Number of protein chains: 2
Amino acid sequence: MASETESQVATGENSGGDDGGADGDGAFTTPDDSFGGVTPDAARRLLLGAVEAFAERGFHATTTRDIAGRAGMSPAALYIHYKTKEELLYQISRVGHERSVRILTEAARTDGEGGDSGGDGEDAPVRLVRAVRSFVRWHAEHHTTARVVQYELSALNEEHYAEIVGLRRRSEELLRGVLEDGEASGEFAIADIRGTTLAVMSLCIDVARWFSPQGRRTPEEIGALYADLVLRMVTAPAPAPR
Amino acid sequence: MASETESQVATGENSGGDDGGADGDGAFTTPDDSFGGVTPDAARRLLLGAVEAFAERGFHATTTRDIAGRAGMSPAALYIHYKTKEELLYQISRVGHERSVRILTEAARTDGEGGDSGGDGEDAPVRLVRAVRSFVRWHAEHHTTARVVQYELSALNEEHYAEIVGLRRRSEELLRGVLEDGEASGEFAIADIRGTTLAVMSLCIDVARWFSPQGRRTPEEIGALYADLVLRMVTAPAPAPR
DNA sequence: GTCTATATCTAGATAGAC
DNA sequence: GTCTATCTAGATATAGAC
């Protein structure tokens with residue numbers, strides 16, 4: 001398998017506690033060190049170059065020369081670290097999707113951060129707000145990576161694509177679980193749980209497409225706005241004042 | 001300019017009343033005749049082939065041979081009708097974006113279909129529901145075209161890109177107008193109108209990315225669901241029942 | 001307007017010196 | 001592990017016959 005080259009990508013899943021705390025993620029990571037765990041250095045620089053290039057121009061329009069150039073290397077050097085251009089995309093996708101799953105796992109759990117939740121999933125709104133807020137923040141903060149992760153999937157080979165789809169399903173299930181819990185407890189009033197789950201995922205993901213650091217809102221602000229909008233989506237509206 | 005080749009694309013803006021009635025759009029159009037006005041026949045077939053191919057594989061990964069093949073022609077024949085591959089994308093984008101503007105213009109107007117609205121923009125919720133419903137329906141029904149229209153913009157040349165961005169701004173302004181009217185009349189309770197406008201646009205647009213005709217919902221059902229979700233987004237939530 | 005044939009270029013990937 | 005040089009394939013676009 002292409003994924004078992006010896007100089008390969010560390011997921012970050014086990015790479016120490018420097019960037020995945022309970023309060024979300026990205027707050028104290030620099031603009032794009034999603035690949036901090038990758039060694040050797042050249043392999044990481046190539047990955048970062050690939051992310052930039054793929055985000056700017058798309059996978060197919062990006063040349064290996066371009067990627068190598070951004071990493072300060074010759075075109076041939078790329079192939080020491082990655083078998084193909086597609087393998088670069090796969091590593092980016094995998095790390096990004098694993099991060100998504102982790103963010104949502106963290107946010108969706110019932111034993112909230114420091115809170116003394118009674119136990120029976122009473123706090124679905126808190127979990128939902130936390131999930132949307134940190135998921136959106138990640139897509140804005142790491143919009144370059146996220147753009148590649150979310151919009152270049154079709155360039156993966158079949159095997160890699162299947163693996164990524166599995167991770168996406170896990171993310172969706174995590175979010176749906178929160179909506180189901182809230183519906184069961186009466187905190188939410190949702191007409192179509194599966195459909196609403198999809199809509200919320202879609203809303204969060206699409207942040208990566210339009211977000212710009214030059215825009216008028218910070219990732220934090222967008223996260224807060226979106227959390228509020230989503231909370232309204234799952235809550236029965238008040239009768240319109242006349 | 002590339003856009004003035006003699007055998008070129010009719011917008012559909014003036015092409016008769018066969019598919020843009022007051023009750024939305026797409027209901028009685030076949031799966032993809034967004035380009036019904038294009039003549040000669042070969043030019044239209046090429047456009048349809050390009051839409052399919054771009055949607056499946058992306059602009060850069062699509063070869064002119066592929067497009068020509070789908071249209072039942074040799075690679076060279078393409079260049080009789082279009083100067084470059086990019087021009088095909090431009091025509092697809094332009095027609096699609098003009099359709100979006102038209103759908104939103106139609107839906108956002110204050111003199112609703114047959115209704116006797118008093119006159120002072122009392123019916124913002126109706127306008128919003130109508131807008132979201134038909135905009136979403138278009139993105140689902142024509143998801144192949146919409147995918148190209150929404151996700152391949154970066155492959156346009158600078159001049160064409162600028163033109164398309166102008167159309168996108170018009171769409172956004174149409175939607176924002178509805179939210180502003182509803183906020184002014186007290187029908188809506190929106191914290192951040194610009195941000196909410198963006199979120200709603202984003203939600204609708206992203207339907208094109210994930211929609212599949214094999215999925216469990218029809219375009220109509222998704223449109224209805226989304227209209228409800230968006231209406232909740234702009235309405236003050238009822239206090240949670242305890 | 002369409003075809004066959006082809007010019008020209010550029011991409012991904014490899015060979016082999018250092 | 002990195003470089004220079006290069007192989008090979010396939011892309012866009014054009015030429016010229018029909």
Side-chain angles (χ1 to χ4, degrees), chain A residues 1-9 35 38-54 56-92 148 152 154-157 160, chain B residues 1-3 5-9 35 38-54 56-92 152 154-157 160:
Chain A
M1 307 297 163
S3 62
E4 290 305 333
T5 315
E6 90 285 4
S7 68
Q8 219 39 278
V9 172
F35 307 97
V38 181
T39 53
D41 188 63
R44 197 186 67 252
R45 293 203 319 273
L46 285 165
L47 222 44
L48 292 173
V51 166
E52 267 186 47
F54 291 162
E56 276 175 29
R57 318 165 46 77
F59 176 81
H60 291 289
T62 298
T63 68
T64 53
R65 284 166 174 78
D66 183 6
I67 296 170
R70 289 177 198 248
M73 300 161 79
S74 77
L78 188 150
Y79 294 92
I80 295 154
H81 302 282
Y82 300 94
K83 273 208 264 299
T84 63
K85 189 171 80 160
E86 190 268 352
E87 201 198 333
L88 275 161
L89 176 63
Y90 167 62
Q91 295 301 345
I92 294 163
V148 178
E152 301 291 334
S154 64
L156 290 170
N157 71 33
H160 290 158
Chain B
M1 301 307 157
S3 61
T5 315
E6 90 284 4
S7 69
Q8 217 40 276
V9 173
F35 307 97
V38 181
T39 52
D41 187 63
R44 198 187 68 250
R45 293 204 320 271
L46 285 165
L47 222 44
L48 291 173
V51 166
E52 266 187 47
F54 292 162
E56 275 176 29
R57 321 165 44 78
F59 176 81
H60 291 289
T62 297
T63 68
T64 51
R65 282 169 173 77
D66 184 5
I67 296 170
R70 289 177 198 249
M73 302 161 79
S74 77
L78 188 152
Y79 294 93
I80 296 156
H81 302 281
Y82 301 94
K83 271 208 266 298
T84 62
K85 190 171 78 160
E86 190 268 351
E87 201 198 331
L88 275 160
L89 177 63
Y90 166 63
Q91 296 300 347
I92 294 163
E152 302 290 335
S154 64
L156 291 170
N157 72 32
H160 290 159

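Because the structure is a prediction, the values reported are computed rather than measured.
Side-chain contact between B/Asn157 and B/Thr84 is absent, with no heavy atoms from C-beta onward closer than 4.5 Å. Side-chain contact between B/Asp66 and B/Arg57: present, with at least one pair of heavy atoms (C-beta onward) separated by less than 4.5 Å. Residues B/Met73 and B/His81 are in side-chain contact: their nearest non-hydrogen atoms beyond the backbone lie under 4.5 Å apart. Contact of the B/Arg44 side chain with the B/Thr39 side chain is not registered, since no non-hydrogen atoms from C-beta on lie closer than 4.5 Å.
Distance A/Glu87 CD to C/dA13 P: 11 Å, rounded to the nearest Å. Separating the CG atom of A/Leu46 from the C1' atom of D/dT2 is a distance of 12 Å, rounded to the nearest angstrom. Distance A/Ile67 CD1 to C/dG12 P: 7 Å, rounded to the nearest Å. A/Arg65 has its CZ atom 12 Å from the C1' atom of C/dT14, to the nearest Å. Summarising the geometry, the separation between CZ on A/Arg45 and P on D/dG1 is reported as 12 Å, rounded to the nearest angstrom. The distance from atom NZ of A/Lys85 to atom P of C/dT14 is 14 Å, rounded to the nearest whole Å. Note: CG (A/Asp66) to C1' (C/dG12) measures 14 Å, nearest angstrom. If you take CZ of B/Arg57 and C1' of D/dA11, they are 12 Å apart, rounded to a whole angstrom.
When all heavy atoms are compared, the tightest approach of A/Phe59 to A/Lys85 is O-NZ, 3.0 Å. Scanning all heavy atoms of the two residues, the minimum distance from B/Leu88 to B/Ala50 falls at CD2-CB, 4.1 Å.
Considering only side-chain atoms of B/Ala77, the nucleotide from C/dT2, D/dT4, C/dG12 that sits closest is C/dT2. For A/Met73, the listed nucleotide lying nearest its side chain is D/dC3; candidates were C/dT2, C/dG1, D/dC3.
Looking at heavy-atom distances under 4.0 Å, A/Thr63 makes contact with sugar-phosphate atoms alone, never a base. Counting non-hydrogen atoms under 4.0 angstrom, A/Ala76 reaches a base of the nucleic acid.
For C/dT14, neither phosphate oxygen OP1 nor OP2 lies less than 4.0 angstrom from any side-chain nitrogen or oxygen of A/Tyr79. For A/Thr64, a side-chain nitrogen or oxygen approaches OP1 or OP2 of C/dG12 to under 4.0 Å. Within the structure, a side-chain polar atom (N or O) of A/His81 is placed less than 4.0 Å from OP1 or OP2 of D/dT2.
Computed from C1' positions of five pairs at each end, the angle between the two local axes of the helix from C/dG1-D/dC18 to C/dC18-D/dG1 equals 0°, rounded to 10 degrees.
The side-chain contact (heavy atoms from CB on, under 4.5 Å) with B/Val51 is formed by just one residue from the set B/Leu89, B/Ile67, B/Leu46, B/Ile92; it is B/Ile92.
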